[in-house]
Structure formats: C-alpha cells, structure tokens
Amino acid sequence: MNFELSFPFTLPELAVGGIYTVIQTKAKITADEWGENYYMMGPYFEHNFKTQVEGCEPPNPAIRKAMDSLIHNGCQVHFGRWLIEGSPYVILFDIGSAAWNLDRWKGDLWQTCNIGLPYHDREANDSASLNVLFQLTDHLGDKPNVISHFHEWQAGPGLILSRSRKIPMATVFTTHATLLGRYLCAGNADFYNNLDKFSIDKEAGERQIYHRYCLERAAVHCAHVFTTVSQITAVEANHMLHRKPDVVTPNGLNVKKFSAMHEFQNLHSTKKTRIQEFVRGHFYGHLDFNLDKTLFFFIAGRYEFSNKGADIFLESLSRLNYLLRVRNDVTVVVFFIMPAKTNNFNVESLKGQAVRKQLWYAVLYFKTQGQIPDMNSILDRDDFTIMKRAIYATQRHSLPPVTTHNMLDDSTDPILSNVRRIGLFNSRNDRVKIIFHPEFLSSTSPLLPMDYEDFVRGCHLGVFPSYYEPWGYTPGECTVMGIPSVTTNLSGFGCFMEEHISDPAAYGIYIVDRRFRSPEESCNQLTQFMFSFCQQSRRQRIIQRNRTERLSDLLDWRYLGRFYVHARRLALSRAFPDKFKMDNTAPLKVISIFKNLKMLE
C-alpha cells in the first residue's frame with residue numbers, strides 16, 4: 001500500500017509551481033503501478049474539493065475504519081477521487097478540525113527531536129496538524145507492507161512522529177528545493193560558491209525559520225530513503241541538510257498531453273499569428289518593423305527577480321539590442337510573464353487592441369460585400385471616410401507601453417526599474433521590444449486571450465537563465481512542444497540535459513554557464529546565444545524545432561518514473577530487510593532508452 005503525503009497538492013494557487021506539477025503529472029504512472037492501493041493525502045479545502053474531487057467511499061474497509069476513528073475524535077476527513085489523469089484516491093484532512101490535538105503533537109515533536117513550533121507560524125502548525133498517518137496504519141490489520149512518500153518540510157512532522165512511534169512502514173522523503181537554499185538565494189547570496197562556508201544554524205535563525213529548517217532536516221534523517229529532483233539540488237542538500245540523497249528523481253511530464261506529432265509546426269504557425277495580432281495592437285502607431293522578421297522570446301514563472309534570472313536576462317537584452325541595431329534587421333519582442341501586484345489593465349494597452357480591431361472590422365467590411373467589385377467604384381466616398389478614420393486612429397504620439405497593466409509599485413518594481421536603467425522603452429530605434437505582462441495568461445483575458453500552452457507554442461525561444469532552479473519545468477514544457485529554450489547549469493533541467501545530450505545546443509537547448517563563470521561572462525554568453533538564434537534563417541529554425549521536439553521522450557514519466565520505483569523498492573528493502581532484497585545496481589540511465597543515439601539525430 002502506498003501513501004503519498006503532500007501539503008499543497010490541492011491548492012489551485014500553487015498550480016503553477018513545480019511541486020504541484022510533479023504530484024499531478026506523476027499520479028497516472030503511480031496509479032497504474034499501485035492500482036487501488038495508491039492514496040494521496042493532504043489538507044482539505046471545501047471549494048477545491050467540490051470542483052476537483054469526486055467524493056466516494058473508500059474501497060478498503062481498513063481505510064473506512066481509520067477515517068471513522070478520526071471523525072469520532074473530531075477530525076473531519078474526506079475521501080474521493082482526484083479528477084486528474086489516473087484518478088487517484090485522495091484522503092483530505094480538515095486542518096482546522098484537527099487542531100484539537102495540536103498541542104499534543106507539538107509536545108511529541110519537542111520530546112522526539114527538540115523542535116518547538118511557535119504559535120505565530122501558522123504554516124508550521126498546520127503541518128503538525130496533518131500528523132494522522134499513524135491512525136490510518138493502526139487499522140490496517142495484518143500489517144501490510146506500507147510505503148509512505150513525504151514531499152517537502154510541511155509533510156515532515158508526519159514522517160518524524162511515525163518513525164518515533166516505530167510504525168512498521170517504509171518512508172521516502174523528497175525535497176524539491178531546500179528551505180534555506182531558497183531564502184539564501186532570494187537574498188542575493190553567492191550561494192554555490194559558498195555552500196561549504198555557510199553557518200547553517202546561524203543563517204536559519206537570522207531568517208526566523210530555524211524551526212522549519214529543523215523539521216526539514218529531521219525528516220531527511222528519519223526517512224529510510226532521501227531523494228531530490230536533480231544533481232545540483234543533491235549537492236545543495238548534502239551541504240544544507242547533511243545527508244547525501246540516496247536517489248535523484250528527475251521531474252517528468254505526461255508528454256502525451258503535449259504531443260502533436262507532425263502538427264506541432266502548424267500549431268506554432270497558428271499560435272504565432274495570434275501573438276502577432278496582439279503585437280499589432282500593442283505597437284499601433286509604432287509598427288515600423290516587419291512582423292515576418294520578428295521573433296518572440298519569453299520568460300515565465302514566479303516573480304523571483306534574481307532567482308529566475310530576470311536580472312541577467314534584461315542586461316543581455318540591452319546588449320542584444322545594440323548588436324541587432326548594428327548588424328541585423330531582425331526585431332525581437334520579449335514577453336515577461338510574471339505575476340505582480342496590479343490594479344487593472346493599462347488603458348493604452350486596451351486602447352491598442354480596440355484600435356486594431358476597429359481597423360480589422362473596417363477592412364473586413366469591404367471584403368464581405370458579397371459582390372464582384374467594380375474596380376472603378378470599389379470604394380465610394382463614405383467608404384473612404386470609414387477607412388480614413390480607422391487609419392487615423394492608429395496615430396500615436398506616446399511610446400508603446402512596456403507593461404500591459406497598471407503596477408501598484410511601479411517605482412520600485414525590479415523589472416521596470418531595470419528597464420529604465422538599460423533604456424529599453426520600445427522606441428522606434430530599438431530592435432528589442434519589451435512587454436511586461438504581470439499576470440498569468442488566460443484564454444478569457446480581454447487583452448491577450450491565450451492559454452499558456454498556446455502562447456508557448458507561438459513563441460520562438462523561451463529564456464530561463466535561472467540562478468536558483470532545483471528543476472525548472474518551463475524549459476521542459478518548451479522542449480515537449482518543440483520550442484527551443486535557454487536554461488543554465490544551475491537548474492536541474494540544464495544539468496539533466498548536459499548529462500544525457502552530447503550537444504544540447506544542436507537540439508535547441510542552450511545552457512548558460514552560471515556556475516563556473518563570472519556574471520559578466522554569463523551575461524555575454526547569454527547575449528551570444530540569443531544573437532546566434534536571431535541570425536538563423538526560417539528554415540534553420542524549423543529544423544531546430546524538429547530536433548527539439550524529438551527530445552520529448554527524455555522527459556516522459558514513462559521513463560523517469562523508474563527512479564521513483566527504484567526509491568520505493570530501496571525503502572522497502574531498508575524497512576523490511578527480511579522480506580525485500582534490493583539489487584545494488586542503480587536504475588539504468590534514461591539515455592539507455594535510446595539504443596542508438598542516431599535516433600536523436
């Protein structure tokens with residue numbers, strides 16, 4: 001029986017994050033492996049349960065009995081099937097109702113490992129309230145072989161107390177990024193060059209997260225098997241948490257969902273046309289560049305200015321702008337898709353789309369008269385008036401806006417502050433144009449009505465020069481959709497591709513060296529990658545997209561799921577050595593899927 005405990009897996013606001021994507025996309029292959037014995041666990045939120053879960057009765061009487069026991073003690077428990085691919089069972093606990101036992105569980109944590117949780121840290125207290133796994137296993141009767149997989153420090157209390165009570169089950173703990181690593185990198189520390197120099201306890205205490213750090217570290221050392229998502233995070237975890245991961249479990253995707261076979265080139269063309277329509281409106285009055293010679297670059301993700309590499313990206317764009325003005329006639333429109341605090345759409349942005357539509361409808365009117373036109377009288381006087389009004393409306397005396405929304409912190413916003421510093425204001429002389437869209441994309445938006453997947457398919461290059469990126473789903477999603485991308489050797493995805501592909505750049509995976517080069521050298525390398533991409537012909541870009549899309553199988557859960565299988569078997573062999581024997585050989589490298597590398601050429 002396999003329990004998988006993850007604190008955030010039902011929160012829609014975390015759906016853009018990597019952990020949610022891992023849990024959701026991995027569900028199908030795990031459900032296929034374990035069938036009716038696979039249960040996912042997490043906190044209950046009423047709205048999410050009503051919209052994402054189909055309530056049902058547990059198929060296992062022991063689970064029903066355990067739930068009844070918890071309900072009798074005042075903890076509300078909900079059961080159902082999560083309506084995602086694989087339809088796994090979910091057991092969801094109402095954290096508020098479980099608080100009745102919080103003080104006892106906090107006392108157990110203190111007695112077990114001297115970890116005290118302050119009352120003001122609600123997230124830490126909520127994580128302690130999820131410590132209910134022991135009650136589930138107590139009702140399983142003849143002690144079956146149970147595996148429990150815990151994700152992130154929030155699930156740590158359940159693992160720690162389960163081991164302290166000597167519950168007979170195998171445990172796996174996965175950290176998708178170390179807690180302290182995120183905090184240090186967010187503070188612009190020279191993280192990777194000082195991994196062995198940080199005073200871990202001191203750094204955690206100064207950031208008032210010492211109790212969280214202790215939970216994470218205790219969970220790591222209590223688990224039978226400790227895993228993380230990439231080699232770069234394994235190095236980080238070894239220094240931050242003082243345990244080397246037993247297995248590296250790379251993050252995958254359900255490639256079938258994105259698969260378009262030979263159609264993906266056509267999809268790129270159609271989605272690109274929709275982006276071009278938006279650009280026509282946004283740059284009305286200043287559309288003095290040829291859209292057929294315009295490339296669309298983008299960066300997307302959480303608004304972590306330095307961690308996501310937006311700082312080095314903007315500096316590289318400034319240098320790229322100079323190179324294109326001197327040596328090339330290509331224009332690059334760059335989209336920043338990062339959510340920030342706004343109060344509404346920018347009036348100029350909305351006006352631009354209205355002007356574009358007005359001109360389009362005027363032209364459409366003349367196209368749909370339903371008669372063979374007389375060339376001498378194709379336009380009468382009134383028609384000329386309508387056409388002139390539409391054309392005159394495209395005149396503009398101000399520059400096209402850099403951002404599509406009204407920013408609440410315009411003067412201190414990192415992206416806008418750096419745009420002012422480098423002077424990229426979408427002027428006529430600039431060959432690099434910037435559009436900051438501080439909101440996640442949606443097909444219902446009145447401004448840019450496209451879902452993220454459609455938008456990615458229409459772009460030419462994704463740029464993700466992250467400094468701190470334990471995995472990095474954004475370049476992976478670009479890859480399975482056949483869109484080239486830029487990543488770094490400080491991201492899990494970049495390290496994975498460097499390990500398994502002899503020449504990643506030939507397949508549209510450009511890897512910036514941010515680990516062994518200075519920031520100036522990394523910036524120049526990124527600039528050169530983008531400039532080289534701009535020099536490619538349309539035919540060369542088509543060929544490169546074909547090669548990029550052929551890497552999709554490398555990222556498929558059908559293959560990467562093997563690493564999780566290996567971790568679970570290793571945990572069983574350590575928890576129940578008399579019943580399970582583990583083969584000492586590590587799982588085969590994913591690249592061995594391809595019997596001949598010529599398949600990738």
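Listed by first and then second residue, the salt bridge (charged side-chain N to carboxylate O under 4.0 Å, His left out) pairs involving residues 462-487 are Lys308-Glu469 (not counting sequence neighbours). Among pairs with a residue in residues 443-464, those fulfilling ring-ring contact (aromatic ring centres under 6.0 Å, His included) read His268-His460, Phe296-His460, Phe298-Phe455, Phe298-Phe464, Phe335-Phe455, at least two apart in sequence or across chains.
Contact of the Thr488 side chain with the Ile511 side chain is not registered, since no non-hydrogen atoms from C-beta on lie closer than 4.5 Å. Side-chain contact between Tyr507 and Ile501: present, with at least one pair of heavy atoms (C-beta onward) separated by less than 4.5 Å. Looking at heavy atoms from C-beta onward, Ser417 lies out of side-chain contact with Arg421 at the 4.5 angstrom threshold. Using a 4.5 Å heavy-atom cutoff, the side chains of Phe258 and Leu253 are in contact. Counting heavy atoms from C-beta on, the side chains of Lys341 and Met407 never come closer than 4.5 Å. The side-chain heavy atoms of Leu447 and Leu350, taken from C-beta on, include a pair separated by under 4.5 Å. The side-chain heavy atoms of Val229 and Val248, taken from C-beta on, include no pair separated by under 4.5 Å. Ile337 is listed as a side-chain neighbour of Leu441, based on a closest heavy-atom distance under 4.5 Å.
Salt-bridge annotation for Arg274 and Glu277: absent, with no side-chain N of the basic residue lying under 4.0 Å from a carboxylate O of the acidic one. Taking a cutoff of 4.0 Å between a charged side-chain nitrogen and a carboxylate oxygen, Arg319 and Glu520 qualify as a salt bridge.
Across Pro438 and Thr404, no two heavy atoms sit closer than the pair CD-OG1, 3.6 Å. The two atoms that bring Ile415 and Met338 nearest to each other are CD1-SD, 4.1 Å, heavy atoms only. Between Glu549 and Gly482, the closest heavy-atom pair is CB-CA, 3.7 Å. Nearest heavy atoms, Pro465 versus Ile299: CD-CD1, 4.3 Å. Closest heavy-atom contact between Glu236 and Gly181: OE2-CA, 3.6 Å. The shortest heavy-atom contact between Ile483 and Thr548 is O-CG2, 3.8 Å.
Put simply, the side chain of Gln353 gets close to the backbone of Phe278: a donor and an acceptor are under 3.5 Å apart. The closest donor-acceptor contact from the side chain of Asn307 to the backbone of Tyr467 lies at 3.5 Å or more, if one exists at all. Using modelled atom types, one side-chain atom of Arg81 and one backbone atom of Ser87 make a donor-acceptor pair closer than 3.5 Å. Under the 3.5 Å distance criterion, the side-chain polar atoms of Ser349 are left unmatched by any main-chain donor or acceptor of Phe345. Put simply, the side chain of Thr527 gets close to the backbone of Cys523: a donor and an acceptor are under 3.5 Å apart. Not a single donor-acceptor pair under 3.5 Å links the side chain of Arg541 to the backbone N or O of Phe533. The backbone N or O of Asp430 sits less than 3.5 Å from a side-chain atom of Lys433, completing a donor-acceptor pair. Panel note: side chain His282, backbone Pro401; a donor-acceptor pair is recorded below 3.5 Å. Asn418 places a side-chain N or O within 3.5 Å of a backbone atom of Pro414 that can act as its donor or acceptor partner. For Glu152 (side chain) and His176 (main-chain N/O), a donor-acceptor pair under 3.5 Å exists by modelled atom type.
Defined by atom type and a distance below 3.5 Å, a donor-acceptor pair is missing between the side-chain atoms of Arg517 and Ser522. Side-chain atoms of Thr233 and Ser230 form a donor-acceptor pair, as typed in the model, at a separation below 3.5 Å. With no hydrogens or angles considered, a side-chain donor-acceptor pair links Asn546 and Gln265 at under 3.5 Å. For the residue pair Asp513/Asn489, the side-chain donor-acceptor check at 3.5 Å is satisfied. A donor and an acceptor atom, one from each side chain of Ser306 and Asn188, are located under 3.5 Å apart. Under the 3.5 Å distance criterion, with hydrogens and angles disregarded, no donor-acceptor pair is assigned to the side chains of Ser466 and Ser491.
Considering CG of Asn238 and CG of Leu195, their distance stands at 9.5 Å, rounded to 0.5 Å. Remark: Thr474 OG1 to Arg302 CZ distance equals 9.5 Å, nearest 0.5 Å. Between atom CH2 of residue Trp471 and atom OG1 of residue Thr249 there is a gap of 9.5 Å, rounded to the nearest 0.5 Å. A distance of 10.0 Å separates CG of Asn251 from CZ of Phe496, quoted to the nearest 0.5 Å. Distance check: Thr270 OG1 to Ile275 CD1 gives 10.0 Å after rounding to the nearest 0.5 Å.
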Q: Might you work through the ring pair (Phe, Tyr, Trp, His ring centres under 6.0 Å) test for His405 and Phe436, ending with a clear yes or no?
A: CA-CA 8 Å; His405 292 61; Phe436 179 22; 8.7 Å; no

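Heavy atoms from other residues, nucleotides or ligands lying under 6.0 Å from OH of Tyr322 number 12 at most. No more than 12 heavy atoms of other residues, nucleotides or ligands sit less than 6.0 Å from atom CZ of Arg539. When the shell of 6.0 Å around CZ of Arg569 is examined, it contains 12 or fewer heavy atoms from other residues, nucleotides or ligands.
Looking at residues two or more places apart in sequence or on another chain, you find a salt bridge (charged side-chain N to carboxylate O under 4.0 Å, His left out) between Arg457 and Glu453. In this view, Ala177 and Arg182, Tyr468, Pro470 satisfy the side-chain contact (heavy atoms from CB on, under 4.5 Å) rule, not counting sequence neighbours. Qualifying side-chain contact (heavy atoms from CB on, under 4.5 Å) partners for Val255, counting only residues two or more places apart in sequence or in other chains: Val480, Ser552, Asp556. For Val402, the side-chain contact (heavy atoms from CB on, under 4.5 Å) partners at least two apart in sequence or on another chain are Leu416, Val419, Asn426, Ile434.
Aromatic ring orientation, His149 versus His151: parallel (interplanar angle below 30°, classes split at 30° and 60°).
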